[in-house]
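Because only heavy atoms are used, hydrogens play no part in the values below, and waters and symmetry mates are left out as well, while side chains stay in. Start at 1 and go down the list; that is how both ligands and their atoms are numbered. Here the structure is a predicted model, which is why all the values come from computation and not from measurement.
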Amino acid sequence: MAGRLVIVGAGQAGFALAAKLRALKDERPMTIIGSEEVLPYQRPPLSKKYLMGEMSFDRLQFRGPEWFAENNVEVRLSTWVEDIDRSAKTVRMQDGSTVAYDKLALATGSTPRRLPAGVGGDLEGVLTVRDKRDADRLMEEMQPGRKLLVIGGGYIGLEAAAVARKLGLEVTLIEMADRILQRVAASETATIMRDIHLAHGVLIREKTGLVRLIGTDGRVSAAELSDGSVIDVDFVIVGIGVTPNDRLARESGLDVGNGIVVDQFTRTSDPDIHAMGDCALLPLNEAQVRLESVQNAVDQAEAAALVLNGEEKPYQPKPWFWSDQYDVKLQIAGFNMGYDETVLRPGQREGSHSVWYFRQGRFIAVDAINDAKAYVSGKKLLDTGVEPNRAILADHSADLKLLLA
Ligand code: FAD
């Protein structure tokens, strides 16, 4: 039997790795180390149904304690790995004890960027949303009639804004860039999502940055914005992106860029150490990217499980993502990096749309807004490598099924 696998990070990828290995009948000893106090759970509802109070925490957890016991997976919670000694093949815990590994998996995720203390980032009531604790604190703040400032018009900020409006808060969202979703979606998608938020009463101010947050008795009470205005706020959600948790890898001398560099087999520059999920910088389309999604955390972890189990199969990401805002489901298939052309297509139902992305004439991704048909068709095209027929795409009355004929 192989020696011990130590998994650092009890999140989406860490759990997927352990579960896949056990499904493959891999019986090696396994230890998952997680800094949170709870068993692995899914994060997406933290800015959606859980935050709305519509989903209990036990429904977020992948498995109860009995699964870990039955599958002989040791879990150490509320503790974290401080550093890695690659020559001794041990990890050192924060209490100074060590755990020996034969193989090590880094599934440490990412951390939300915070505002510097100099602009009021350390004031009480300035929050981010990454884990259960964050979401629980936010839920306490989300009281009807209160004034919320969301900083950042990415998915997390927009989802939190939607929940806040549904709960009856007054919401202002500021985005420093020209438009919301600048980094992740085309202007057509941004326009549709902006209109939806405006219709629900969110005040969206693009090309508007934060100068500073102003506190009263240590708690945020106002915000000075780059257009000179000062607005009253009761609390703030900072949604300005994440940074990969790559410190352990960096300090132990592994190759690290904007994340832990891995090859197609999820190996880092040390063949006994794998990395996966939000913390990994992986090869895709001749570039190195980090994919911050459930799809990547699970698929990359499962690919690592195959490799650890002796199957040299490369991980070929097939990205997909979703975001829920109000009654709108945005589904994304593919990876739109480097797109140079987009096609907007109204869907058959009112309020449904899709945005198709092309790079050098090749179809690379689709955003489907309340349009499951477009999502499924786009995903199938990407999976099969078939190029969509442009005439059918342009003919808004044509059934998308024809694209697959
Ligand atoms: P994580 O799930 O973050 O797990 C990493 C774990 O490692 C954490 O528990 C961390 O505390 C722990 N850790 C870090 N360092 C150490 C250490 N040294 N020792 C011990 N433990 C350590 N994706 C989608 O596809 N769709 C969505 O709609 C969506 N919505 C999201 C909403 C929110 C609010 C958030 C936060 C994320 C969302 N995501 C969504 C992204 C998705 O949840 C992440 O991409 C995914 O959780 C990444 O999995 P991971 O295992 O890499 O990291």
Side-chain angles (χ1 to χ4, degrees), residues 6-19 31-51 60-62 75-84 91-95 99 104-113 127-135 138 152 154-160 162-163 184 237-239 241-252 259-260 262 266 274-282 290-302 304 317 319-325 329-333:
V6 172
I7 302 172
V8 189
Q12 185 91 48
F15 172 74
L17 173 61
T31 302
I32 305 184
I33 300 165
S35 49
E36 291 178 67
E37 61 274 23
V38 284
L39 286 170
Y41 60 94
Q42 45 164 329
R43 290 179 204 281
L46 297 182
S47 52
K48 308 178 182 76
K49 284 197 163 171
Y50 181 77
L51 193 57
L60 266 50
Q61 291 189 298
F62 301 120
V75 193
R76 299 194 189 183
L77 299 174
S78 307
T79 183
W80 62 90
V81 171
E82 200 50 60
D83 53 44
I84 306 168
V91 294
R92 189 169 61 87
M93 310 295 296
Q94 106 270 12
D95 65 2
V99 183
L104 182 65
L106 299 175
T108 46
S110 53
T111 301
R113 286 206 183 93
L127 307 169
T128 53
V129 48
R130 180 73 199 174
D131 59 26
K132 175 181 185 294
R133 264 203 230 180
D134 297 337
L138 255 180
Y155 290 122
I156 301 253
L158 290 171
E159 287 179 357
V163 168
V184 286
I237 296 178
V238 182
V242 297
T243 50
N245 293 332
D246 54 18
R247 181 185 66 80
L248 294 176
R250 190 184 300 276
E251 289 178 359
S252 64
I260 307 168
V262 293
T266 73
H274 292 248
M276 60 218 61
D278 280 14
C279 67
L281 187 62
L282 59 123
R290 279 194 317 103
L291 297 173
E292 295 158 12
S293 69
V294 166
Q295 170 277 321
N296 179 61
V298 173
D299 292 352
Q300 200 180 18
E302 294 193 345
W320 56 261
F321 187 83
W322 80 96
S323 175
D324 298 326
Q325 296 164 41
K329 188 164 214 55
L330 170 62
Q331 292 167 291
I332 301 163

Working for side chain to side chain contact (heavy atoms under 4.5 Å, CB included), residues Asp278 and Gln12 = CA-CA 10 Å; Asp278 280 14; Gln12 185 91 48; over 6 Å; no
Within 4.0 Å of some non-hydrogen atom of Ala107, the atoms of ligand 1 are 5 (C), 6 (C), 7 (O)
Which residue owns the protein heavy atom closest to atom 41 (C) of ligand 1, what's the atom, and how far is it?
-> Glu292 O, 4.1 Å
List every atom of ligand 1 that sits less than 4.0 Å from any heavy atom of Gly9, numbering the atoms from 1 in the order shown and giving each element.
-> 6 (C), 7 (O), 12 (C), 21 (N)
Once the angle between the rings of Phe15 and Phe62 is folded into 0 to 90°, is it parallel (under 30°), tilted (30 to 60°) or perpendicular (over 60°)?
-> parallel
Report the residue from Ile84, Leu104, Thr31, Ile32 that forms a side chain to side chain contact (heavy atoms under 4.5 Å, CB included) with Val8.
-> Leu104
In the protein, which heavy atom is nearest to atom 28 (O) of ligand 1, and how far is it?
-> Lys48 NZ, 2.6 Å
Which residue supplies the protein heavy atom nearest to atom 14 (C) of ligand 1, what is that atom called, and how far is it?
-> Thr108 O, 3.2 Å
Report yes or no: does Arg247 contribute a side-chain atom to a donor-acceptor pair with the main-chain N or O of Glu82 at less than 3.5 Å?
-> yes
What atoms of ligand 1 come within less than 4.0 Å of a heavy atom belonging to Gly277?
-> 52 (O)
Counting from 1, what ligand 1 atoms have a heavy atom of Ala297 closer than 4.0 Å?
-> 48 (C), 49 (O)
Closest protein heavy atom to atom 43 (O) of ligand 1, given as residue, atom name and distance to 0.1 Å | Arg43 CB, 3.5 Å
among protein heavy atoms, the one nearest atom 40 (C) of ligand 1 is Pro44 CG, 3.8 Å
Give a yes or no on whether a salt bridge exists between Lys48 and Asp324, defined as a side-chain N under 4.0 angstrom from a carboxylate O.
-> no
Enumerated ligand 1 atoms positioned under 4.0 Å from heavy atoms of Ile33 | 20 (C), 21 (N)
Taking both backbone and side-chain atoms of Asp278, is any N or O found less than 3.5 Å from an N or O belonging to ligand 1?
-> yes
Do Thr79 side-chain atoms and Arg76 backbone N/O form a donor-acceptor pair below 3.5 Å?
-> no
When you measure from atom 27 (C) of ligand 1 to each heavy atom in Tyr41, Trp322, Tyr155, Phe15, which option holds the nearest one?
-> Trp322
Flag Val8 as yes when one of its N or O atoms lies below 3.5 Å from any N or O atom of ligand 1, and as no otherwise.
-> no
Please examine the side chains of His274 and Val262, heavy atoms only from C-beta on, and report whether any two atoms are closer than 4.5 Å.
-> no
Would a distance-only check, ignoring hydrogens and angles, find a side-chain to backbone donor-acceptor pair under 3.5 Å from Thr108 to Asn245?
-> yes
Gln12 heavy atoms, cut-off 4.0 Å: which ligand 1 atoms fall inside?
-> 2 (O), 47 (O), 49 (O), 51 (O)
Could you tell me whether Val129 and ligand 1 have an N or O pair separated by under 3.5 Å?
-> no
Number the atoms of ligand 1 from 1 as they appear, then name those within less than 4.0 Å of a heavy atom of Leu248, with their elements.
-> 18 (N)
Does some side-chain heavy atom of Gln61 sit less than 4.5 Å from a side-chain heavy atom of Val38?
-> yes
What is the nearest protein non-hydrogen atom to atom 53 (O) of ligand 1, stated with its residue, atom name and distance?
-> Gly109 CA, 3.3 Å
Could you tell me whether a side-chain N or O of Asp246 sits under 3.5 Å from a main-chain N or O of Ile260, the two making a donor and an acceptor?
-> no
Taking both backbone and side-chain atoms of Thr79, is any N or O found less than 3.5 Å from an N or O belonging to ligand 1?
-> no
Do any nitrogen or oxygen atoms of Trp80 come within less than 3.5 Å of a nitrogen or oxygen of ligand 1?
-> no
May I ask you to list the atoms of ligand 1 that are less than 4.0 angstrom from any heavy atom of Ser293?
-> 23 (N), 25 (O), 45 (O)
From CG (Leu51) to CG (Leu46), nearest 0.5 Å | 8.0 Å
Under 3.5 Å between some N or O of ligand 1 and some N or O of Glu36?
-> yes
If we only count N/O pairs under 3.5 Å, is Arg130 in contact with ligand 1?
-> yes
Nearest-neighbour protein heavy atom for atom 32 (C) of ligand 1, which is reported as residue plus atom name and distance = Ser47 OG, 3.3 Å
Sidechain N-carboxylate O distance under 4.0 Å for Glu36, Arg130 = no
Looking only at protein heavy atoms, identify the closest one to atom 13 (N) of ligand 1 and say how far it is in Å.
-> Ser35 OG, 3.6 Å
Backbone of Asp131 reached by a side-chain donor or acceptor of Asp134 within 3.5 Å | yes
Does any N or O atom in Val81 lie less than 3.5 angstrom from one in ligand 1, N or O only?
-> yes
For Ser323, all residues meeting side chain to side chain donor-acceptor pair (under 3.5 Å), sequence neighbours excluded | Glu159, Gln325
Less than 4.5 Å apart, any side-chain heavy atom of Glu302 and any of Leu17?
-> no
